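Sequence lines set the chain letters: A, B, ... in the order given, protein chains first and strands last, and positions in each chain run from 1. What you see is a predicted model, and the numbers here were worked out from it, not measured in a lab.
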Amino acid sequence: MEKTYNPHQIEAKYRDIWEQGDFFSSQTNSQSKDAYSIVLPPPNVTGSLHMGHAFQHTIMDVFTRYHRGKGEQTLWQPGTDHAGIATQMVVERQLAQQNITRHEVGREKFIEKIWDWKQQSGGTITSQMRRLGASVDWDRERFTMDEGLSDAVQKVFIDLFNEGLIYRGKRLVNWDPVLLTAVSDLEVINTEEQGSLWHMRYPIADSDEVLVVATTRPETMLGDSAVAVHPNDVRYKHLIGKMVNLPLTKRQIPIIADDYVDMEFGTGCVKITPAHDFNDYEMGQRHNLEVINILTDEAKINDDAPTAYQGLDRFVARKQIVKDLEALDLLEKIEPHTLMTPRGDRTNTVIEPYMTDQWFVKIQPLADPAIEAVKNGDIHFVPSNWEKTYFNWMDNIQDWCISRQIWWGHRIPAWYDEDGKIYVASSLEEVQQQAGEGVVLRQDEDVLDTWFSSALWPFSTLGWPEKTPELSRFYPTNVLVTGFDIIFFWVARMIMFGLKFAGDVPFKDIYITGLIKDGQGQKMSKSKGNVLDPIDLIDGITLQDLLEKRTQGMMQPEMAEKIKKQTEKEFADGIPSFGADALRFTFAALASFGRDIKFDLKRVEGYRNFCNKLWNASRFVLMKLEGQSINENAPISTSDKWILSRLQHTKITVEKHLADYRLDLMSQTLYEFVWHDYCDWYLELSKPLLDDDNTRAGTQATLIKVLSETLTLLHPIIPFITEEIFEQCQSLTESDSERLITTAYPEIDRDLICKNSEVEIAWLQGFVLGIRQIRGEMNIAPGKSLPCFIQNNNDTDQNYLGNNHSILKALAKLESITQLSDSDEAAESATALVGEMKILIPLAGLVDKEQEIARLNKEIEKLAKQQQQFSGKLNNEKFVSGAPEAVVEKERQKLHSVEQAISDLGQQLDKISTL
RNA sequence: AGUCGCGUAACUCAGUUGGUUAGAGUGCCAGCAUGACAUGCUGGAAGUCGUCAGUUCAAAUCUGACCGUGACUACCA
């Protein structure tokens with residue numbers, strides 16, 4: 001083996017071996033009684049792997065590899081979604097470089113071009129997943145626009161329509177005037193922006209009075225259909241029912257009363273524009289107000305508005321209207337005002353509430369069973385407090401706008417005849433049959449929201465609506481691993497559609513992971529320039545390249561300087577290459593139930609070191625066992641029994657944490673076992689044991705047995721390095737499997753749990769630690785051999801001493817261990833305690849006694865504090881009578897042993913002081 | 001405004017039904033070329049568990065208030 005762990009070679013090697021050998025196939029273990037499945041939340045086909053993906057993919061891969069190792073037939077279903085708007089924009093941008101628009105190309109040709117693009121560039125994220133070692137069944141990779149999945153979409157649409165759960169209607173939607181389509185709430189980013197509050201005077205008809213209304217969007221006044229005041233507002237009560245002359249128009253609009261109005265805000269009068277505001281729309285419904293649309297699709301003033309403003313962009317119109325009002329002395333004042341502005345996440349343009357014809361899913365009948373499924377425990381949220389968020393949203397759920405005015409996506413299977421009558425079916429032929437021959441039909445131009453097809457993902461990928469064997473074997477899936485940001489948009493909808501169409505919940509558990517933030521706890525975003533690319537952590541990146549990456553193609557180039565400084569400060573030397581395993585271990589270790597996860601490069605470095613540690617421990621084992629034949633039945637020593645016992649405890653703990661979705665605790669458990677039990681103690685113990693003819697064979701067998709089981713335990717987290725070491729160990733183990741990935745996950749062997757060896761090794765560790773402590777604090781060189789005396793030992797001590805004489809000498813670097821009787825006068829010594837047994841290291845020629853006196857005093861002081869604590873408790877009458885006897889007894893024992901130690905050390909102190 | 005969360009060592013975080021001498025990694029201090037590993041080894045320092053009150057024999061853990069901080073949802077036109 002190489003002296004240092006070098007991840008890159010190893011990773012490249014096994015990426016090929018695993019995939020070409022079909023090791024990720026869900027056909028493996030097909031005879032198994034149990035099946036396990038996870039669907040990958042399909043990433044956007046235009047996207048690339050970000051930290052959130054890498055984190056969640058690591059988690060899913062741990063579960064997948066674990067269950068595969070358990071012998072279950074395991075499917076991790078991969079694929080991507082077609083990301084309607086994003087994908088269309090990518091290709092449109094390409095066309096724009098040649099000064100062509102999609103309209104010039106035409107719908108059909110344009111869609112062909114998108115498919116071409118997908119063919120060439122749609123694989124970024126899947127190739128990055130391969131870098132990470134994600135063991136998905138690539139043969140089953142799916143895309144939401146695949147034929148089968150598209151059939152599923154069509155069938156769901158038609159069925160819902162026929163049931164009356166899909167309808168078409170004119171409603172207010174979030175309209176992106178650049179993309180010219182409705183967008184979902186998810187695609188609208190609300191941010192605080194500085195704006196103004198314009199106070200405008202509306203003259204009251206047949207009166208000298210005016211009403212002052214305040215607005216943040218003056219241009220919408222052209223579409224006002226009322227002014228509202230609070231019914232109890234004494235200032236305006238007398239005006240309710242009167243009319244207002246709407247300035248700049250020739251219209252009169254009523255003054256209405258509605259308790260939605262906040263008397264405290266602004267002037268207490270609100271202009272009502274039902275066609276351009278969600279709240280106003282609702283109020284309009286309540287009061288039967290006219291809905292006056294004043295905008296075009298591009299958000300220009302339309303032809304229904306006064307001629308002066310027709311054709312003006314909304315913001316130009318705003319300026320003009322303010323100016324005109326001012327000229328008419330109808331503008332009272334302008335106040336600066338902070339408001340939430342909705343912007344499109346793709347275009348950054350202000351989103352308009354806009355009246356359009358759209359398709360909707362009537363959601364309540366679907367939502368009810370979805371709520372029930374979580375209430376009755378068919379589905380568990382992990383951690384469970386996410387249930388509240390789920391219920392909270394589901395209880396206020398609105399009908400779902402599923403149509404989008406774009407070209408890339410599943411075309412809505414609806415046709416209209418010349419009278420506008422709607423026909424829905426899977427093909428023109430069928431529709432024609434419904435409509436009758438000769439009727440001219442025109443298909444709806446719109447496509448479906450991408451989330452509509454994503455909602456079917458857990459069963460459409462398994463072949464639904466066909467009754468495939470995969471569907472019956474793998475549905476419902478076991479767990480969905482995802483972030484909380486899409487609980488509403490995706491998770492809830494999968495539950496609704498799964499129950500409705502696949503007849504069962506789509507998954508039993510929903511593991512909601514935390515969100516990966518940067519070192520300062522900031523959300524990673526391109527505009528902030530603080531994103532980390534998981535691939536850069538694997539391969540490393542220079543500061544120069546990182547700067548370039550972070551500052552190119554920015555939406556706000558003015559941020560570049562700040563980002564540059566920040567990056568130079570945080571990554572002065574760029575990012576070193578850590579390898580995929582170190583990154584994966586980091587993600588597993590970070591996977592606690594917290595909501596935010598601050599990503600710290602130091603953690604990755606620590607786990608890279610862990611990989612190196614594992615590597616070198618293996619190297620040690622191989623060096624020691626090279627060319628030896630292993631006798632698995634050789635008698636084993638207490639140390640061997642101890643490490644085997646520790647291994648069983650480790651397995652028990654690992655299984656528990658896996659079942660609880662606590663990968664952080666799982667990885668911590670393994671880390672501690674490998675580093676502190678196996679390397680720090682067992683490998684050191686093995687050195688003298690291997691030198692001894694009586695213990696050599698057993699130690700050899702145990703070294704390799706524990707190593708190879710440990711590799712299997714670690715494999716789900718760090719698959720590459722473990723697979724490589726496994727191969728190197730091949731000649732020493734009698735594995736049935738050629739590869740670690742197909743090796744059975746180790747079973748817990750309770751017969752190997754050995755309490756006695758644990759007690760004995762704990763004693764031995766206490767002994768060695770005591771001596772090291774004296775060395776450390778007395779500044780005695782680690783290389784110096786010391787004589788050691790023992791006093792006040794009982795039978796057990798005696799026994800352990802006999803068993804471990806040579807081990808102790810080796811580990812604590814002692815030249816001799818001599819027992820003294822109680823009556824023997826020990827030389828002036830430094831002292832440590834193991835239980836009640838005294839370990840004495842003569843000071844002669846090593847240190848002065850003042851130093852030892854100081855050390856003992858410090859130690860006694862520490863113990864005295866504890867003594868106070870314990871005796872305080874025990875002196876409390878209420879504690880002794882109120883607490884369970886076992887707790888009291890434990891406290892008494894602690895007090896006793898502390899008092900004993902104080903007295904022992906005190907005696908020693910006296911002795912030295914008086915000498 | 002509503003909902004949910006967080007506040008434990010210098011930093012990042014564990015601490016699962018109340019009983020631990022409150023832990024880990026990183027960082028820090030001191031020492032070390034020992035033959036698997038300096039991406040290492042040994043020893044050490046470091047915490048009034050946000051504050052205050054309450055419940056309890058017993059609180060980092062349960063309850064309440066407050067302070068600080070964050071996310072999401074809905075917004076005041």
Side-chain angles (χ1 to χ4, degrees), chain A residues 1 3-5 185 190 197-198 213-217 220 228 260-262 264-273 277-280 337 339-340 385-386 388-389 392-393 396 484-485 487-488 515 517 519 521 523 576 578 582 589-590 592-603 605-624 656 660 662 664-665 668 671-672 676 679-680 683-684 687 769 772-783 813 862-863 865-867 869-870 873 876-884 886-888 890-891 894 898:
Chain A
M1 279 176 92
K3 189 172 173 186
T4 345
Y5 156 62
D185 292 346
N190 288 295
L197 199 54
W198 285 269
V213 299
T215 181
T216 54
R217 296 190 298 159
T220 62
Y260 157 80
V261 179
D262 178 358
E264 309 295 318
F265 188 87
T267 57
C269 302
V270 192
K271 59 192 267 323
I272 302 301
T273 324
D277 182 284
F278 289 101
N279 287 311
D280 290 6
H337 181 69
L339 71 162
M340 295 295 273
N385 46 338
W386 287 107
K388 281 187 194 161
T389 311
N392 199 20
W393 188 73
N396 300 307
F484 55 80
D485 43 344
I487 290 182
F488 312 142
L515 218 61
K517 308 281 188 76
K523 212 166 167 173
F578 294 116
L590 292 175
S592 64
F593 281 176
R595 211 147 75 161
D596 297 317
I597 293 162
K598 283 193 211 175
F599 194 86
D600 183 359
L601 269 194
K602 283 286 176 195
R603 292 290 289 268
E605 190 180 331
Y607 296 122
R608 191 270 321 267
N609 295 353
F610 174 77
C611 290
N612 184 58
K613 185 79 179 171
L614 179 68
W615 182 263
N616 279 290
S618 309
R619 205 159 73 90
F620 171 81
V621 173
L622 286 170
M623 280 166 67
K624 291 291 180 188
K656 180 191 180 309
D660 293 343
R662 289 302 301 266
D664 58 330
L665 301 178
Q668 191 188 326
Y671 182 100
E672 280 168 10
H676 300 303
C679 293
D680 284 352
L683 291 191
E684 294 307 322
K687 289 172 185 174
L769 254 37
R772 282 185 191 159
Q773 205 161 18
I774 291 170
R775 274 184 198 277
E777 290 182 36
M778 300 285 113
N779 282 324
I780 301 169
K813 195 109 185 140
K862 224 196 238 169
L863 292 169
K865 264 189 203 155
Q866 290 176 20
Q867 186 202 14
Q869 243 179 66
F870 302 146
K873 259 188 191 176
N876 182 349
E877 179 52 37
K878 284 178 182 168
F879 170 71
V880 179
S881 57
V887 173
V888 178
K890 203 170 154 193
E891 216 62 24
K894 285 196 280 192
V898 158

Nucleotide-resolved protein contact map, nucleotides 15-29 of chain B, B/S/- at heavy-atom distance under 4.0 Å: SB--BSB---SS---
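- Judged by atom type and distance alone, Glu684(A) reaches the base of rA36(B) through a side-chain donor-acceptor pair under 3.5 Å.
- If you check every strand for non-hydrogen atoms under 4.0 Å, Ser618(A) touches nothing.
- Mapping Cys679(A) and Asp262(A) onto RNA chain B by nearest heavy atom places Cys679(A) at the nucleotide closer to the 5' end.
- Annotation: rU12(B) and rG64(B) have their C1' atoms spaced 31 Å apart (nearest Å).
- Between Lys517(A) and rC6(B) there is no side-chain N or O to OP1 or OP2 distance below 4.0 Å.
- In this model, the phosphate group of rU12(B) is approached by a side-chain N or O of Lys598(A) to a distance below 4.0 Å at OP1 or OP2.
- For His337(A), no side-chain nitrogen or oxygen approaches OP1 or OP2 of rC76(B) to under 4.0 Å.
- At the heavy-atom level, Arg772(A) lies under 4.0 Å from the strands shown only through sugar-phosphate atoms.
- Among the atoms of the strands shown, none is found under 4.0 Å from any heavy atom of Leu601(A).
- Between Asn279(A) and the phosphate of rC76(B), there is a side-chain N or O to OP1/OP2 separation shorter than 4.0 Å.
- Along RNA chain B, the nucleotide nearest to Phe484(A) and the one nearest to Gly268(A) differ in position, and the one closer to the 5' end is contacted by Phe484(A).
- Expressed to the nearest 0.5 Å, how far CG of Asn612(A) lies from CZ of Arg619(A) amounts to 9.0 Å.
- In this model, the phosphate group of rG35(B) is not approached by any side-chain N or O of Lys687(A) to a distance below 4.0 Å at OP1 or OP2.
- Here rC66(B) sits opposite rG50(B) as a Watson-Crick or G-U wobble pair (both hydrogen-bonding atom distances under 3.5 Å).
- Taken from NZ in Lys523(A) to CG in Asp485(A), the straight-line distance is 6.5 Å, to the nearest 0.5 Å.
- Using Watson-Crick or G-U wobble geometry with both donor-acceptor distances under 3.5 Å, rA14(B) finds no partner in any strand shown.
- Here rG27(B) sits opposite no nucleotide as a Watson-Crick or G-U wobble pair (both hydrogen-bonding atom distances under 3.5 Å).
- Figure legend. rG40(B) is base-paired to rC32(B); pairs are counted as Watson-Crick or G-U wobble with both atom distances under 3.5 Å.
- Nucleotide rG5(B) holds its C1' atom 8 Å from the CG atom of Asp596(A), rounded to whole Å.
- To the nearest whole angstrom, the two P atoms, one in rG23(B) and one in rA60(B), are 14 Å apart.
- Taking atom CG of Asn392(A) as the reference point, atom C1' of rG5(B) lies 14 Å away to the nearest angstrom.
- Counting non-hydrogen atoms under 4.0 angstrom, Thr389(A) reaches nothing in the nucleic acid.
- The side chain of Asp277(A) lies closest to rC76(B) when the candidates are rC76(B), rU39(B), rU3(B).
- Rounded to an integer number of Å, the gap from Asp680(A) CG to rA36(B) P is 14 Å.
- Taking only side-chain nitrogens and oxygens, Lys613(A) comes nearer than 4.0 Å to OP1 or OP2 of rC41(B).
- Look at rA45(B): it lacks any Watson-Crick or wobble partner with both distances under 3.5 angstrom.
- Looking at heavy-atom distances under 4.0 Å, Leu683(A) makes contact with a base.
- Separation of the P atoms belonging to rG19(B) and rU39(B) is 41 Å when rounded to the nearest angstrom.
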Stepwise side chain to side chain contact (heavy atoms under 4.5 Å, CB included) test for Phe620(A) and Met1(A): CA-CA 10 Å; Phe620(A) 171 81; Met1(A) 279 176 92; over 6 Å; no
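- Backbone-only contact: Lys523(A) has heavy atoms under 4.0 Å from sugar-phosphate atoms and none from a base.
- Note on Ser592(A): only backbone sugar-phosphate atoms sit closer than 4.0 angstrom, heavy atoms only; bases stay farther off.
- Residue Lys613(A) places its NZ atom among more than 12 non-hydrogen atoms of other residues, nucleotides or ligands, all under 6.0 Å distant.
- Both distances falling under 3.5 Å, in either a Watson-Crick or a G-U wobble arrangement, occur for no nucleotide opposite rU55(B).
- With a cut-off of 3.5 Å on both pairing distances, the Watson-Crick or G-U wobble partner of rU73(B) is rA1(B).
- Taking the six-membered ring wherever Trp is involved, the centroid distance between the rings of Tyr607(A) and Phe578(A) does not fall below 6.0 Å.
- Atom CG of Leu622(A) and atom P of rC37(B) are 14 Å apart (whole Å).
- Across the protein-nucleic acid pair, Arg595(A) atom CZ and rC6(B) atom C1' stand 9 Å apart, rounded to whole Å.
- The side chain of Asn190(A) contributes no N or O atom lying less than 4.0 Å from OP1 or OP2 of rC75(B).
- Put simply, CZ on Phe610(A) is 17 Å from P on rU39(B), counting in whole angstrom units.
- rA77(B) sits 26 Å from rC4(B) when the P atoms are compared, rounded to a whole Å.
- At least one donor-acceptor pair closer than 3.5 Å links the side chain of Asn396(A) to the backbone N or O of Asn392(A).
- One can place CG of Leu614(A) at 11 Å from C1' of rA36(B), the figure rounded to the nearest angstrom.
- The shortest distance between the side-chain N/O atoms of Tyr260(A) and the OP1/OP2 oxygens of rC76(B) is below 4.0 Å.
- Remark: rA9(B) base-pairs with no nucleotide in the shown strands. Criterion, Watson-Crick or G-U wobble with two distances under 3.5 Å.
- Using a distance-only test at 3.5 Å, with no hydrogens or angles considered, no donor-acceptor pair links the side chain of Arg662(A) to the main chain of Ser592(A).
- Rounded to a whole angstrom, the distance from the C1' atom of rA14(B) to that of rG25(B) is 10 Å.
- Between rA74(B) and rA65(B), the two C1' atoms lie 27 Å apart (nearest whole Å).
- At the heavy-atom level, Met623(A) lies under 4.0 Å from the strands shown only through sugar-phosphate atoms.
- Side chain of Asn612(A), nearest nucleotide from rA36(B), rU39(B), rA71(B): rU39(B).
- With contacts defined as side-chain heavy-atom distances shorter than 4.5 Å, the pair Arg217(A)/Asp277(A) qualifies.
- Gln773(A) has a side-chain polar atom (N or O) that falls below the 4.0 Å cut-off from OP1 or OP2 of rG44(B).
- With rounding to the nearest 0.5 angstrom, the OG atom of Ser618(A) is 11.5 Å from the OH atom of Tyr5(A).
- Interface remark: the Arg619(A) side chain does not form any donor-acceptor pair with the rC37(B) base, using a distance-only criterion of under 3.5 Å.
- When the C1' atom is compared between rA9(B) and rA22(B), the two are found 11 Å apart, to the nearest whole Å.
- Looking only at side-chain heavy atoms (C-beta outward), Lys271(A) and Thr220(A) come within less than 4.5 Å of each other.
- Of the candidate nucleotides rG43(B), rA36(B), rG70(B), rG43(B) has the atom nearest to the side chain of Glu777(A).
- On the C1' atoms, rC49(B) is 11 Å away from rA59(B), given to the nearest whole Å.
- Distances shorter than 4.0 Å separate none of the side-chain N or O atoms of Thr215(A) from OP1 or OP2 on rA77(B).
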